[in-house]
Structures are given as structure tokens and as C-alpha cells.
Amino acid sequence: MAAVFLHKKRKPRLEQGHPWVYKSEIERVDGEVVPGQLVPVQTHLGQYLATGYYNEASQITVRIVSYKPLEAMTTDFFVERFTRCLQHRNRFVKEAKSYRLVYGEADFLPGLIVDKFEDTLVVQILTLGMDRCREQIVAALVQVVKPAGIYERSDVSIRELEGLEQTKGLLYGECPKHVDILENGLRIRVDIEEGQKTGYFFDQRENRAAIAPLMTGWGHRSGIELREVEHEGTMQTLPVNANGKVVTFPYWDGASVLECFSHTGSFTLNACKFGAKKVTCLDISEHAIESARTNVGLNGFQDRVEFVVADAFEYLRTQVKGLDERKVRANAGSGAQGKKIDTSKPVAEGGRTWDVVILDPPAFAKTKSAVEGACRGYKDINLHGMKLVNEGGYLVTASCSYHMHPELFLETIHAAATDAGKILRLVEFRGAGMDHPRILGVDEGHYLKFAIFEVRSK
């Protein structure tokens with residue numbers, strides 16, 4: 001039987017629970033190995049460590065699936081693994097019917113992603129070893145989950161590193177193009193055929209709900225406060241403005257919110273649910289904005305949301321430029337500036353500010369070599385974003401770049417705050433949700449960073 005032997009002087013990553021064996025860690029391979037085949041992995045002395053599937057074409061040559069000898073990944077093997085996956089989700093996200101069911105390495109199934117959208121499953125097969133088991137995967141999912149349909153979204157470039165072609169299509173049953181799901185009590189329409197990745201990002205579910213405390217408590221800034229007043233013949237506690245008039249707008253205490261990189265508008269939906277007064281929902285993609293518009297309409301929030309199709313970097317810069325010009329004009333009018341300002345010229349476009357600015361950009365660093373450029377991108381977007389937060393408001397910011405480690409992410413935002421003349425108070429720092437568990441020691445699984453900062457001026 002073929003076997004993989006590791007170098008004597010390698011780091012003991014495998015013994016510490018990491019499921020990848022790199023080509024550089026392999027001393028030799030005894031016997032003939034068919035690509036995608038399971039092989040035992042042993043120390044240089046022949047001590048058994050684990051079993052994984054082999055692909056010489058990949059730099060990650062072996063991906064571990066078992067720490068006990070295993071001959072084949074059969075349907076029964078996948079039934080056992082999927083059952084455990086389902087048990088975990090039933091424990092930690094039991095109120096949801098839509099979630100990530102299988103999360104690759106973290107569920108001891110490297111190269112396999114399965115998202116559950118109500119009774120429809122979307123499968124993403126990323127590696128040769130898993131690709132060879134497509135039939136067993138489908139049969140086991142049908143047995144364990146009993147879905148109405150299974151759709152494959154393996155149309156991702158990472159497959160090409162495994163010598164595989166991109167592919168997508170129906171694997172089982174019937175799958176509608178659009179599936180309506182519930183998340184945090186909100187209705188969201190997911191495009192499983194054309195949406196990004198598998199159609200929706202479940203990893204921020206808990207983070208979206210975490211913005212709830214930021215969405216109310218802003219009425220006092222407009223001079224509105226609760227008072228006991230006579231109204232319609234009875235004494236009632238009602239919101240009253242500075243002129244003593246009762247305020248009838250139900251969201252008088254809500255925040256003004258800007259969501260950049262909105263995709264399906266998920267943060268916008270949560271902002272509205274938790275009481276936001278007005279939300280600006282922005283994405284560079286018209287398709288994404290149409291998706292967000294649909295979701296906003298499904299939840300009846302259309303009166304509180306404006307949609308903008310624009311590049312987030314350019315949009316934020318434009319708002320900051322307009323804000324800076326207004327400050328210069330205001331100072332000139334008060335005699336604080338030494339030079340005269342020509343007020344006959346129109347004020348620059350922009351100059352808007354918000355109580356809460358939300359930044360959830362795509363990954364800026366997909367490789368280690370891209371980290372330097374990513375730092376510049378994250379610094380720029382956060383610097384301009386925090387400048388547009390009203391004094392004492394909040395910056396909500398995230399990074400899904402694994403190579404942007406948490407410490408570096410916070411350092412980059414701190415540098416942006418220094419340049420912007422802001423002081424940030426970290427209120428909350430989070431990762432991915434409970435349907436995205438992480439194996440300790442596998443840093444690649446710690447890709448998502450999510451932070452809430454209070455923004456103050458120096």
C-alpha cells in the first residue's frame with residue numbers, strides 16, 4: 001500500500017491538529033498513488049499520524065480526513081460526518097433553517113463546503129479528493145438532510161490549482177434559482193445560481209445582529225426627548241421636539257447609517273430592523289444593489305433606505321472632500337482663516353455624515369504577497385469612513401482576508417485613526433459565526449475580523 005513519509009526536521013504541524021501536508025514537508029512517497037487517493041501519512045520513522053487524500057499537482061499535497069486508518073471515503077463515511085455537522089448546527093444555530101452545514105477543514109471534510117438554504121443545499125467541491133467522491137457526497141446528504149434539491153457551485157478558480165475545471169449545476173432533485181431564507185427574523189432572497197460564492201455569506205449572521213445597540217439613542221441630537229404631555233385628551237409619554245411639538249415619525253430615535261459593499265444588503269436589513277432612521281446602501285455592482293433593493297422590499301423597509309451604485313472608495317473620498325470644504329468655509333466665515341474664501345463658487349459635492357458607518361469589503365489580500373497593498377486599502381477605506389462618522393458615532397468594520405491577521409488589522413485601523421485625528425474606542429471584536437467553527441492551531445480558519453469602534457475627535 002502506498003504511504004507518505006514526512007521529513008524529520010519539519011515542523012510538527014500535523015501532530016498539532018493542522019490538516020494540511022505541504023509538498024515541501026514530504027520526504028518520499030512509497031508505492032504508486034492515484035491522484036485523489038487516500039494515503040496514510042507517517043513520520044520519517046514510519047509512525048502512523050493520519051490519513052488524507054493525495055494530489056501531487058497541489059502545493060497542499062495531502063489533506064487529512066481521519067486520524068485513524070481509513071481505506072475509502074464511502075457514503076457511510078460521509079453520512080457519519082454530515083450527521084455530526086448537523087448535530088453541531090442544531091445545537092448552536094437551532095433557531096435557523098439556513099446556515100453553513102459543512103465548513104471544510106473545520107468539519108474534518110477539507111475541500112467541501114455545503115450551505116443549507118431552507119430545504120435546498122448548495123455544494124462547493126474545491127479539491128480533487130472530494131471531487132472523486134461527488135456521488136457519495138450527494139447520496140449521504142440526501143440520507144442525512146433529506147433536501148428538496150442539491151445544486152453545485154464549484155465555479156471557483158481555486159479548483160484550477162487542483163487540476164480541475166470550474167463547474168456548476170443541478171446534482172439532485174429540484175432547485176429554484178431563488179430561495180427565500182430567514183436570518184435574524186429577516187427575509188432574504190438568495191440567488192443560488194448567480195450569487196457570490198454559494199449565493200450568500202452566513203459567516204456574519206451574529207455580527208449583523210451585533211449592531212442592534214447602535215441603531216437607537218440618537219433622538220437627543222435633534223433636540224427630541226420623551227416627555228409627559230397631553231395628547232388627544234390624555235396625558236402620554238411621547239417624543240417631543242425642541243419646539244414642543246409631538247414627533248410622529250416612529251424612528252425619531254434611530255441612527256443614520258451608511259453601509260458600504262452592501263452585496264445583498266444584509267447589514268442594511270438589520271439596521272432597519274433594529275430601528276435605524278435612514279440607511280444609505282451602497283455597492284459598486286448594480287446586480288448587488290438590485291438584490292439589496294429586493295430584500296429591503298421583502299421586509300417593508302423601502303421608505304427608510306436609499307440605494308447608491310458607486311465605488312465605495314470614491315464615494316467616501318467625495319464625501320470627505322465636501323466635508324472638508326464646508327469646514328474651511330465655516331472657519332473663513334467666522335474669521336478663523338487667514339485667507340479669503342470665494343463663496344460665490346458652488347460647494348463641492350458630498351459632505352454627508354452618518355451616525356454609523358459600516359464597511360464590509362471583499363478580501364483585499366488573497367495571497368501573502370498582497371498584504372502590503374491590502375494594508376493600504378484597509379487604511380484608506382477606514383480612514384475616510386471614520387471621518388464621516390458623527391462625533392461619538394460608530395465605525396463598524398470588517399476584513400475577510402486571512403493574510404490580514406487580527407493584530408495587523410487593528411494596527412492598520414489605528415494608523416488610520418491617527419492620520420484622521422480620531423480616537424477609537426473598541427467596543428466589540430468578533431469573528432465568524434457558530435456555523436463556522438475553527439480548529440485551534442489552524443490559523444487559516446481565522447479569516448474574519450469584525451470590529452465596532454466608537455469614534456471621537458482629538
Side-chain angles (χ1 to χ4, degrees), residues 188 195-196 200-201 203-204 207-208 210-211 214-215 254-274 276-296 301 304-323 349-365 373-390 393-401 404 409 412-413 416-417 419-420 422 424 428 430 448-455:
I188 299 170
Q196 293 185 33
Y200 187 70
F201 299 103
D203 53 0
Q204 295 258 41
N207 299 340
R208 293 171 189 131
I211 67 173
L214 315 181
M215 293 301 112
S256 59
V257 180
L258 169 64
E259 181 193 6
C260 295
F261 310 98
S262 66
H263 188 219
T264 55
S266 52
F267 276 102
T268 290
L269 297 178
N270 281 268
C272 289
K273 174 187 175 180
F274 295 121
K277 175 173 60 180
K278 187 72 175 181
V279 182
T280 302
C281 181
L282 180 149
D283 199 284
I284 196 171
S285 163
E286 290 188 13
H287 181 270
I289 287 297
E290 283 307 307
S291 175
R293 193 188 304 275
T294 296
N295 290 329
V296 166
F301 298 147
R304 286 186 282 152
V305 181
E306 63 172 344
F307 299 94
V308 178
V309 178
D311 176 88
F313 286 89
E314 290 302 320
Y315 183 84
L316 293 178
R317 289 190 193 106
T318 297
Q319 303 308 319
V320 170
K321 184 178 179 181
L323 187 64
E349 181 186 358
R352 296 180 63 183
T353 59
W354 292 265
D355 298 320
V356 180
V357 172
I358 301 172
L359 306 174
D360 185 21
F364 291 160
C375 286
R376 290 193 296 269
Y378 282 116
K379 182 178 179 181
D380 184 83
I381 199 78
N382 282 281
L383 185 149
H384 288 90
M386 68 181 69
K387 282 186 175 182
L388 300 177
V389 175
N390 292 327
Y394 294 89
L395 175 71
V396 178
T397 185
S399 167
C400 59
S401 300
M404 192 78 176
F409 180 59
T412 301
I413 295 174
D419 289 356
K422 303 292 184 180
L424 301 183
E428 192 160 9
R430 307 169 62 98
L448 181 62
K449 285 77 60 180
F450 174 89
I452 298 175
F453 296 98
E454 182 192 57
V455 182

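The figures here come from the full heavy-atom set of this structure, side chains too, leaving out hydrogens, waters and symmetry mates.
Between Trp354 and Tyr315, the two ring planes are tilted [angle within 30° to 60°].
Without hydrogens or angle criteria, Lys449 side chain to Ser401 main chain gives a donor-acceptor distance under 3.5 Å. The main-chain N or O of Ile358 is never found under 3.5 Å from a side-chain atom of Glu259 such that the two would form a donor-acceptor pair. Arg304 places a side-chain N or O within donor-acceptor distance of the main-chain N or O of Cys272, the cut-off being under 3.5 Å. When atom types are taken as modelled, the side chain of Glu428 and the backbone of Ala451 share no donor-acceptor pair closer than 3.5 angstrom. Formation of a donor-acceptor pair under 3.5 Å by the Thr318 side chain with backbone atoms of Gly350 is not found in this model.
If you take OG on Ser256 and NZ on Lys278, they are separated by 11.0 Å, rounding to the nearest 0.5 Å. Atom NE2 of His384 is separated from atom CG of Asp419 by 10.5 Å, given to the nearest 0.5 angstrom. Within the model, atoms CG of Leu424 and CD1 of Ile413 stand 8.0 Å from one another, a figure rounded to the nearest 0.5 Å. Between Lys422 atom NZ and Phe453 atom CZ the span is 14.5 Å, to the nearest 0.5 Å. Taken from OG1 in Thr268 to CZ in Phe307, the straight-line distance is 7.0 Å, to the nearest 0.5 Å. Atom CD of Gln196 and atom OG of Ser285 lie 7.5 Å apart (nearest 0.5 Å).
Counting heavy atoms from C-beta outward, Phe267 and Val279 have side chains that stay 4.5 Å or more apart. Side-chain contact between Val389 and Thr353 is absent, with no heavy atoms from C-beta onward closer than 4.5 Å. The closest side-chain heavy-atom distance from Leu383 to Lys387 is below 4.5 Å. Contact annotation: the side chain of Ile381 approaches that of Phe261 to within less than 4.5 Å [non-hydrogen atoms, C-beta and beyond].
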*List the steps and the verdict of side-chain contact (heavy atoms from CB on, under 4.5 Å) for Val356 and Met215.*
CA-CA 8 Å; Val356 180; Met215 293 301 112; 4.0 Å; yes
*asked:* Please determine whether side-chain contact (heavy atoms from CB on, under 4.5 Å) holds for the pair Leu359 and Leu316, giving the CA-CA distance in whole Å, both sets of side-chain angles, and the decisive distance to 0.1 Å.
replied: CA-CA 11 Å; Leu359 306 174; Leu316 293 178; 4.1 Å; yes
*asked:* Does Asn207 form a side-chain contact (heavy atoms from CB on, under 4.5 Å) with Leu448? I'd like the steps, not just the answer.
replied: CA-CA 11 Å; Asn207 299 340; Leu448 181 62; 3.8 Å; yes
*Phe409 and Thr397: side-chain contact (heavy atoms from CB on, under 4.5 Å), yes or no, with the steps?*
CA-CA 10 Å; Phe409 180 59; Thr397 185; 4.1 Å; yes
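Phe313 and Gly377 make their closest contact through CE2-O, 3.6 Å (heavy atoms, listed as atom of the first residue, atom of the second, distance). Pairing each heavy atom of Ile452 with each of Ala210, the nearest pair is CD1-O, 3.8 Å. In this structure, Ala292 and Cys281 approach most closely via the heavy-atom pair CB-SG, 3.9 Å. The shortest non-hydrogen separation linking Phe201 to Arg208 is O-NH2, 2.7 Å. Shown here for Ala255 and Asp355, the closest heavy-atom pair between the two residues is CA-OD2, 3.5 Å. For the residue pair Leu388 and Arg352, the shortest heavy atom distance occurs at CD2-O, 3.4 Å.
Put simply, the residue from Leu282, Ile289, Asn295 that forms a side-chain contact (heavy atoms from CB on, under 4.5 Å) with Ser262 is Ile289.
Residue pairs meeting the salt bridge (Lys or Arg N to Asp or Glu O under 4.0 Å) criterion with at least one member in residues 281-290, sequence neighbours excluded, are Glu290-Arg293.
Residues forming a side-chain contact (heavy atoms from CB on, under 4.5 Å) with Thr412 (at least two apart in sequence, or on another chain): Cys375, Tyr378, Lys379, Met404, Leu408.
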